Protein chains: 2
Amino acid sequence: MGKPASKRAVRESVFEGLDRLFHERARLALLTALAARSEGVLFNDLKETCALTDGNLSRHLQCLKEAGVVEVWKSAHRGRPQTLVRLSSDGRRRFVEYLDLLEEAVRQASAASRAASDDSNKKGTAGDLGRGLAPA
Amino acid sequence: MGKPASKRAVRESVFEGLDRLFHERARLALLTALAARSEGVLFNDLKETCALTDGNLSRHLQCLKEAGVVEVWKSAHRGRPQTLVRLSSDGRRRFVEYLDLLEEAVRQASAASRAASDDSNKKGTAGDLGRGLAPA
């Protein structure tokens, strides 16, 4: 660990560092389902687990595949085509990094909320705000 | 606390419960900055803290104001117009709820990643996947 950065710089870097590829909430659900199963998940099971339509799941998988985060495998089972999806090892590493950063973001946001709440309770400043200000 | 829901149901409800209004990463930064300052933050300070342009910040604030999450106040300081933004009490309550849910989502995703990683290390299954499957 190096020197601690200023509070403002830390906050900026945490939020800006959150990879948009993982951050959308359906992606978060999708990647969590895949992260739990290193052997991969069948397309239809994934669809059901994440409550997504065929089209939505396909679009998310296309993006994640292009980014090298998931692998999509095709096969046939009793003559019916099957699709297996799994996290790539690079995808797993990047997802875990994203989760670490998100955890830090939540920690900072919760600390900020709690600190201000304590402050407000102590000072009772809630009513002072309007002085000299008009609602827009 | 009632009966524990099934693992699948819990996972679905956590991710689906994440309010999109708060989830975008610039919004997360913005709301964290506001949550830390119950007295409110001037528009220009907020812009700098969150590294947003005038236009982007205005658009985010418009959405959050319409949803009742922030209040936007106008005044003049030495003849210059000033804009003060603060979280509404309802906005603070909803943001804290969102953070609790996000914390739970991160916890579940991290647990899923760790469990699968342990599993994979034990069984060494990584190479078994390709059997009978062709990359798409």
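Only a predicted model underlies this, so the values are computations on that prediction, with no experimental measurement involved. By convention in this document, chain letters (A, B, ...) are assigned in the order of the sequence lines, proteins followed by strands, and residues within each chain are numbered from 1.
- Screening A/Val14, A/Asp19, A/Leu18 against B/Arg25 for a side-chain contact (heavy atoms from CB on, under 4.5 Å) leaves a single residue, A/Leu18.
- Between A/Ala51 and B/Glu16 the shortest heavy-atom distance is CB-OE2, 3.4 Å.
- Tracing side-chain contacts under 4.5 Å through hydrophobic residues (I, L, V, M, F, W, Y), one never reaches A/Val96 starting from A/Val41; they form parts of separate clusters.
- Note on A/Ala109, A/Ser110, A/Ala105: by heavy-atom pairs under 4.5 Å with chain B, the leading option is A/Ala109.
- The structure places OG1 of B/Thr49 at 11.5 Å from CZ of A/Phe15, a figure rounded to the nearest 0.5 Å.
- Remark: B/Glu24 CD to A/Glu24 CD distance equals 11.0 Å, nearest 0.5 Å.
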